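Structure, as structure tokens:
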Amino acid sequence: MSKKSAFDTVHQQGSMGSKIVVALERISEAFRVLLWNEGKAEGLSPLQVQFLIFLLHHPDGEKRKVGHLAAEFNMTKATVSDAVKTLLSKGLVVKMPDPADQRSFSLALTAEGGALASRASHFSSEIQTPIEQLSEDDQANLLLHLLGIIKHLNRAGVITVQRMCYNCAHYRIQGSGHFCQLMNTPLQASELRVDCPEHEVVIG
Ligand code: SF4
């Protein structure tokens, strides 16, 4: 690993890796700004907007509990609980008791929360536009490399919950390609998933 910071502007000019890291940081800034823009009219933080979008697209009750949201977004339960309190007070989500455990509950969007989440879930369209202007091959290569970076960050313990092919119990390398045992089918690079509803955690 280089000892110089990627953000050292002199060192950066001779280091492609550093320029890529800085470029990714700029893109993460764009996500933050776009989420702020989405939430500010409603007085919501970027995190609260992300929760609403997550709830909209993940119907599994276990994923809609405070504990899971904390793991998913790499936050403490206390931080998530605070953010959820605002969503509850604004009538954007409601608590759904868990019949198997009286102390536990999952979150459900109200009609108003669902409408807001639906609108907000397009927040990243300006980021998607230039990506979709790339050729199919370039998009597939970009996806492969990004999945590789996420896999590394996951293994290094930087980001926890991941539901992508590379860390799924059903994923195999077959020959020089990718294979999903659950669907019993080879996967082209473009078919690798980042957030798969059928993903299963590797045990052990
Ligand atoms: S179940 Fe989903 S995440 Fe797992 S290998 Fe198949 S497509 Fe990939």
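Just so it is clear, the model here is predicted, and its values are computed rather than measured. Indexing begins at 1, ligand by ligand and atom by atom, following the structure's order.
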Should you measure from each heavy atom of [X], which atoms of ligand 1 turn up under 4.0 Å away?
| X | answer |
| --- | --- |
| M183 | 7 (S) |
| C168 | 1 (S), 3 (S), 4 (Fe), 5 (S) |
| R193 | 7 (S) |

To the nearest 0.1 Å, how far is [atom] from its closest protein heavy atom, and which atom is that?
| atom | value |
| --- | --- |
| atom 6 (Fe) of ligand 1 | C180 SG, 2.4 Å |
| atom 8 (Fe) of ligand 1 | C165 SG, 2.4 Å |
| atom 2 (Fe) of ligand 1 | C196 SG, 2.4 Å |

Kindly indicate whether the side chain of [X], heavy atoms from C-beta on, has any atom under 4.5 Å from the side chain of [Y].
| X | Y | value |
| --- | --- | --- |
| E198 | R163 | no |
| L116 | R119 | yes |
| L69 | L107 | yes |

Check the pair Y171, Y166 against ring pair (Phe, Tyr, Trp, His ring centres under 6.0 Å), reporting the backbone distance first and the verdict last.
-> CA-CA 7 Å; Y171 174 78; Y166 283 172; 5.6 Å; yes
Evaluate the criterion side chain to side chain donor-acceptor pair (under 3.5 Å) for residue pair S18 and H11; output intermediate values, then yes/no.
-> CA-CA 8 Å; S18 295; H11 153 75; 3.0 Å; yes
